[in-house]
2 protein chains.
Amino acid sequence: MREDNSYEVIRDVFTEYLIKKQHRKTPERYAILEHIYLHEGHFDAELLYNAMQKDYRVSLATIYNTLELLLDCSLIVKHPFVGQTAQFEKTFGNSIHHHLVCSKCGAVKEFSDKKIRTTIQAKNFASFEITHYSLYLYGLCNKCKNERKKS
Amino acid sequence: MREDNSYEVIRDVFTEYLIKKQHRKTPERYAILEHIYLHEGHFDAELLYNAMQKDYRVSLATIYNTLELLLDCSLIVKHPFVGQTAQFEKTFGNSIHHHLVCSKCGAVKEFSDKKIRTTIQAKNFASFEITHYSLYLYGLCNKCKNERKKS
DNA sequence: TTTGTTGCAAAACGTTTGCAGCCTC
DNA sequence: GAGGCTGCAAACGTTTTGCAACAAA
C-alpha cells in the first residue's frame with residue numbers, strides 16, 4: 001500500500017489550494033483533476049477535452065482555466081516540447097524522469113537517470129526559487145534516422 | 001583569433017547543407033542566416049522579421065521556411081519556454097548554457113554549470129541519436145516572489 | 001526551361017476573452 | 001444575494017498554406 005498519491009490526497013491538496021486562494025470549489029474543477037489523475041501520460045488541452053466528454057461535460061474554456069490553477073499549485077507541469085500545443089503531465093505519483101524528443105517526428109520517450117537528477121537538484125540560486133525543472137534531449141529516433149538516409 | 005565561428009564558417013556549413021539536400025541557395029536564406037549570426041540573444045520569428053526590414057526585405061513566410069532549414073542543419077535551436085511564440089537561438093559561438101524561466105512572468109535568465117553539462121553530455125542511447133539538449137529550471141524570480149506574498 | 005522559392009493574403013490552429021446565465025459561498 | 005465560474009462563440013496572435021510571379025539551377 002504505497003499509495004500516498006491516491007486521488008484522495010491529491011484532491012485534498014487541490015482543495016487546500018482553492019481555499020487559500022479563495023477560489024470556488026466547483027464540480028468541474030474536481031472532475032478535471034480526477035480525470036487527469038486517473039489517466040496516464042502526457043496530454044494537451046484538447047485531448048483532455050475530448051476524453052472528458054464521455055463522463056463529464058466541460059467546456060474547453062474551463063479546461064484551460066483549471067489547468068492554469070493546477071499549474072499554479074504544482075499538481076501538474078507544462079511541457080513545451082516541440083509542437084504547437086502545450087503538453088501537460090501530472091506531478092504526483094510520477095517518478096521524476098527526463099524526455100527524449102525526436103526533432104523529426106516529435107515522438108517523446110521518457111527516461112530516468114539518477115546521476116543527472118542528483119546533479120541538477122543540487123543546484124540552487126540566491127535570487128531564484130526553483131520549483132521544478134525539465135530536461136529535454138533532442139535528436140533523431142531510430143525510425144527517423146533510417147528514413148533520413150534516403151533523402 | 002579564436003574566431004572559428006565567424007560568419008564565413010557558418011555560411012559554409014549552411015551551403016553544404018543546402019547542396020546536400022538539393023535546396024536552392026537563395027539570397028534570402030543567406031540574409032536571414034547572416035542577420036541571426038550577427039546579432040545576439042534569443043529571438044522569435046516576428047522579431048527577426050521586423051529587425052530585418054531595415055537591411056533586407058523578406059516575408060514572414062520565408063523567415064519561417066528558413067528557420068526550419070536552419071533547425072534541420074542544427075545552426076539554430078528552438079526554445080519552447082513558456083509563452084506562445086517559439087524562441088530561437090544560434091548554436092555556434094554560444095557557450096553552452098541552461099535556462100531559468102520564471103513561471104509567473106516568463107522572464108528567462110541564462111546560467112552555466114560545468115558539472116551539469118558534463119553529466120548530461122555523458123549520457124547516450126543505443127536507439128536515439130542526440131543532437132542537443134535543453135535544460136529549463138522553472139520557478140519564481142525575485143520580483144514575482146515578492147509580488148506573490150501580497151495575494 | 002524547369003521547378004523550387006518567394007511574397008502576399010487568406011486560412012488554420014491553439015488559446016484567450018467577453019458576456020449572459022448559473023451556482024458556490 | 002453577490003460575485004466568481006461556466007459555456008458558448010467570437011477574437012486573438014502565431015504559424016501554415018495556396019497561388020501567381022520569380023529566379024536558381
Side-chain angles (χ1 to χ4, degrees), chain A residues 11 14-35 42-53 55-73 76 78-88 103 106 151, chain B residues 11 14-35 42-53 55-73 76 78-88 103-106 151:
Chain A
R11 191 189 163 97
F14 193 36
T15 302
E16 203 172 309
Y17 166 80
L18 291 175
I19 292 172
K20 186 179 133 213
K21 291 279 184 168
Q22 292 178 253
H23 289 141
R24 295 192 175 163
K25 303 191 276 295
T26 69
E28 287 83 1
R29 288 175 177 169
Y30 285 106
I32 292 170
L33 177 65
E34 184 173 335
H35 190 99
H42 302 117
F43 60 93
D44 61 25
E46 202 166 335
L47 187 76
L48 182 57
Y49 174 72
N50 290 329
M52 285 195 69
Q53 298 312 301
D55 5 307
Y56 195 103
R57 204 156 181 310
V58 255
S59 70
L60 245 186
T62 302
I63 299 253
Y64 278 106
N65 171 339
T66 304
L67 288 177
E68 200 63 40
L69 299 177
L70 293 175
L71 277 173
D72 195 38
C73 64
I76 58 173
K78 191 178 190 173
H79 292 297
F81 291 144
V82 273
Q84 48 277 57
T85 91
Q87 299 285 318
F88 299 88
S103 312
S151 61
Chain B
R11 190 190 164 98
F14 193 37
T15 302
E16 203 172 308
Y17 166 81
L18 291 175
I19 292 172
K20 186 179 134 212
K21 292 279 182 164
Q22 292 178 253
H23 287 143
R24 292 188 179 168
K25 301 192 277 295
T26 69
E28 288 82 2
R29 289 175 175 168
Y30 285 106
I32 291 170
L33 177 65
E34 183 173 335
H35 189 98
H42 303 118
F43 60 92
D44 59 25
E46 201 167 337
L47 187 77
L48 181 58
Y49 173 72
N50 290 328
M52 285 194 69
Q53 297 313 300
D55 6 306
Y56 195 103
R57 201 151 184 314
V58 255
S59 71
L60 245 185
T62 302
I63 298 253
Y64 277 106
N65 171 339
T66 304
L67 288 177
E68 201 62 40
L69 298 177
L70 293 175
L71 277 173
D72 195 38
C73 64
I76 59 174
K78 191 177 189 172
H79 292 295
F81 291 144
V82 273
Q84 47 278 55
T85 90
Q87 299 285 318
F88 299 87
S103 312
K104 204 70 192 172
C105 70
S151 61

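The analysis underlying the following values was restricted to heavy atoms, covering all of them including side chains, and did not include hydrogens, waters or symmetry mates.
The A/A86 side chain lies nearest to C/dT15 when the options are D/dC8, D/dT17, C/dT15. Checking C/dG7, D/dA24, D/dT14 against the side-chain heavy atoms of B/S59 singles out C/dG7 as nearest. Side chain of B/H23, nearest nucleotide from C/dT5, C/dG7, C/dT24: C/dT5. For A/Q84, counting side-chain heavy atoms from C-beta on, the closest listed nucleotide (C/dG7, C/dT17, C/dG14) is C/dG14. Distances were taken from every side-chain heavy atom of A/K25 (C-beta onward) to each of C/dG7, D/dT14, C/dC25; the shortest belongs to C/dC25. Of the candidates C/dT6, D/dT15, C/dT3, the closest approach to any side-chain atom of B/L60 belongs to D/dT15. Nearest to the side-chain atoms of A/A61 among the listed nucleotides D/dT16, D/dG7, C/dG14 stands D/dG7. Nearest to the side chain of A/E28, among C/dG7, D/dG7, D/dT15, sits D/dG7.
Position along DNA chain D of the nearest nucleotide to B/P27 versus B/Y64 favours B/Y64 as the more 5'-ward residue. Residue-to-nucleotide proximity on DNA chain D shows that, of B/F88 and A/T26, the 5′-proximal contact is made by A/T26. When each of B/R24 and B/T66 is assigned the nucleotide of DNA chain C with its nearest heavy atom, B/R24 is the one assigned upstream, toward the 5' end.
Between the side chain of B/R29 and the base of C/dT5 there is no donor-acceptor pair of N/O atoms closer than 3.5 Å.
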Worked verdict on B/L47 versus B/D44 for side-chain contact (heavy atoms from CB on, under 4.5 Å): CA-CA 5 Å; B/L47 187 77; B/D44 59 25; 3.2 Å; yes
Steps toward side-chain contact (heavy atoms from CB on, under 4.5 Å) verdict (A/R29, A/L70): CA-CA 9 Å; A/R29 288 175 177 169; A/L70 293 175; over 6 Å; no
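In this entry the distance linking OH of B/Y49 with C1' of C/dT6 reads 13 Å, nearest Å. Spacing between atom CE of A/M52 and atom C1' of D/dG7 amounts to 14 Å, rounded to whole angstrom units. Summarising the geometry, the separation between CD on A/E68 and C1' on C/dG14 is reported as 14 Å, rounded to the nearest angstrom. In this structure, CG of B/L69 is placed 13 Å from P of D/dT16, rounded to the nearest angstrom. If you measure from atom CG of A/L71 to atom C1' of C/dT15, you get 14 Å, rounded to the nearest angstrom. Taking atom CG on A/L18 and atom P on D/dG4, their separation rounds to 15 Å, with Å as the unit. Atom OH in A/Y30 sits roughly 12 Å away from atom P in D/dC5 (whole-Å rounding). The distance between atom CG of A/L67 and atom P of D/dT6, rounded to the nearest whole Å, is 12 Å.
Without hydrogens or angle criteria, A/Q53 side chain to A/V58 main chain gives a donor-acceptor distance under 3.5 Å. Distance alone, capped at 3.5 Å, is enough to place a donor-acceptor pair between the B/N50 side chain and the B/E46 backbone.
Atom OH of A/Y17 is separated from atom CG of A/D72 by 3.5 Å, given to the nearest 0.5 angstrom. How far CD of B/E34 is from CG of B/D55: 8.5 Å, rounded to the nearest 0.5 Å.
OP1 or OP2 of D/dT6 has at least one side-chain nitrogen or oxygen of A/N65 nearer than 4.0 Å.
The residue B/Q22 sits apart from the nucleic acid: no heavy atom pair falls under 4.0 Å.
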